[in-house]
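This report refers to the structure that appears directly beneath it.
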Amino acid sequence: MRKIIVQEFITLDGVMQAPGGPEEDTSSDFKYGGWTAPYFAEADAVAGDFMKRWMESTDILLGQTTFELFAEYWPRHADMWPGIIDVTKYVASDTLSQAEVDAMGWKNSVLLKNTEDIKKLKNSEGAPIKVHGSGKLAQTLFEHDLVDELCLMTFPITLGTGKRLFSEGTRPAAFTMTDSLVTSNGVIFAYYKRAGEVTTGNVG
């Protein structure tokens, strides 16, 4: 069975929309694209090992919008992400065809049509699969309890609006923190692994 690792940039209030730039995702008139930029120079300087793990070469699973953004950008900047051309890129979409995916020209891209296709992929043999961005897809994975690990880079801002990582469909689940780092400008790197069901009790 393959692990699925959801890896995201988020704000303190859980917004994950358009962290990389103003034009990345302007849906719903989102005005804060690029909200990670002021923090990254320092984060890169003190969190080199974490960033290497973030960008390690492994198969990736993306929603359609993120896949289209990545397919346009990363083939032209592959030197910034070693191995991204050679790994398998899975795109989850119920509207695309494999022919349309192939026409985008991103080598080793495979279409998954539904949640059952994702479950079959997870139940196959192989290395871990990382999810980047892809908010709707991430929410589907949470809803169906398909997330084995979380890698979150949390930035010390609130936006009040925008697409959020967690929705009302998120299944209750416990996670254990396995590693963490806080930069001096307040960015929190945190790694979590699935740890069974939620337990409750009395405090005090």
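A quick note: this is a predicted structure, and the numbers were derived from the prediction, not measured.
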[X] side chain to [Y] main-chain N or O, any donor-acceptor pair under 3.5 Å?
X	Y	answer
Thr178	Tyr191	yes
Arg164	Val15	no
Gln98	Leu111	yes
Gln17	Asp25	yes
Thr26	Pro22	no

Residue pair His132, Trp74: steps toward the ring pair (Phe, Tyr, Trp, His ring centres under 6.0 Å) verdict: CA-CA 13 Å; His132 299 268; Trp74 284 112; 9.0 Å; no

- prompt: Are Met80 and Met55 close enough, and set up right, to give a side chain to side chain contact (heavy atoms under 4.5 Å, CB included), and what steps lead you there?
  reply: CA-CA 9 Å; Met80 298 168 56; Met55 301 291 286; 5.8 Å; no

Rounded to the nearest 0.5 Å, what's the gap from [atom1] on [X] to [atom2] on [Y]? Could you check?
X	Y	atom1	atom2	answer
Ile85	Asp79	CD1	CG	10.0 Å
Thr66	Leu69	OG1	CG	6.5 Å
Lys163	Ser28	NZ	OG	7.0 Å
Asp148	Lys122	CG	NZ	3.0 Å
Thr65	Glu24	OG1	CD	11.0 Å

- prompt: Aromatic rings Tyr32 and Phe30: how do their planes relate, parallel, tilted or perpendicular, breaks at 30° and 60°?
  reply: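 The arrangement is perpendicular - the two ring planes meet at more than 60°.
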
query: What orientation do Phe67 and Trp106 show, parallel under 30°, tilted 30 to 60°, or perpendicular over 60°?
result: tilted

- prompt: Apart from Leu112 itself, which Ile, Leu, Val, Met, Phe, Trp or Tyr residues share its cluster (side-chain heavy atoms under 4.5 Å, direct or through members)?
  reply: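 The other cluster members (ILVMFWY side chains, heavy atoms under 4.5 Å, direct or chained) are Ile4, Val6, Ile10, Met16, Leu61, Tyr90, Val110, Ile118, Leu121, Ile129, Val131, Leu137, Leu141, Phe142, Leu146, Val147, Leu150, Leu152, Leu165, Phe166, Phe175, Met177, Tyr192.
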
message: The criterion is salt bridge (charged side-chain N to carboxylate O under 4.0 Å, His left out); which residues satisfy it with Glu149, sequence neighbours excluded?
response: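 Lys3.
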
message: If you apply the rule side chain to side chain contact (heavy atoms under 4.5 Å, CB included), what do you find for Leu96 with Met104, and how did you get there?
response: CA-CA 11 Å; Leu96 290 174; Met104 295 182 197; 4.1 Å; yes

query: With a cut-off of 6.0 Å (strictly less than), are more than 12 heavy atoms of other residues, nucleotides or ligands near NZ of Lys120?
result: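 12 or below, so no.
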
task: Measure the shortest side-chain to side-chain distance between Val101 and Lys89 over non-hydrogen atoms and say whether it is less than 4.5 angstrom.
output: no

Heavy-atom pair with the smallest gap, counting every atom of [X] and [Y]:
X	Y	answer
Gln64	Ser93	OE1-OG, 2.6 Å
Cys151	Ile5	SG-CG2, 3.6 Å
Leu62	Ser134	CA-OG, 3.4 Å
Glu8	Ala138	OE2-CB, 4.2 Å
Ala173	Arg194	CB-CZ, 3.3 Å
Val87	Ser57	CG1-OG, 3.2 Å

Phe189 and its side-chain contact (heavy atoms from CB on, under 4.5 Å) partner, picked from Thr183, Val182, Asp179: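 Exactly one candidate clears the test, Thr183.
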
message: Salt bridge or not between Lys119 and Glu116? Use side-chain N to carboxylate O under 4.0 Å.
response: yes

task: Inspect the contact between Lys107 and Asp86 and indicate whether a charged nitrogen and a carboxylate oxygen are less than 4.0 angstrom apart.
output: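 Looking at Lys107 together with Asp86, the answer is yes, because their closest N to O distance falls below 4.0 Å.
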
- prompt: After noting the C-alpha distance and the side-chain angles of Phe155 and Val187, does the key distance pass the side chain to side chain contact (heavy atoms under 4.5 Å, CB included) rule?
  reply: CA-CA 5 Å; Phe155 291 75; Val187 180; 3.8 Å; yes

query: Are Tyr39 and Leu159 linked, directly or through other ILVMFWY residues, by side chains that come within less than 4.5 angstrom of each other?
result: yes

query: Got a sec, which residues hit ring-ring contact (aromatic ring centres under 6.0 Å, His included) with Phe9, two or more places apart in sequence or on another chain?
result: Phe40, Trp54

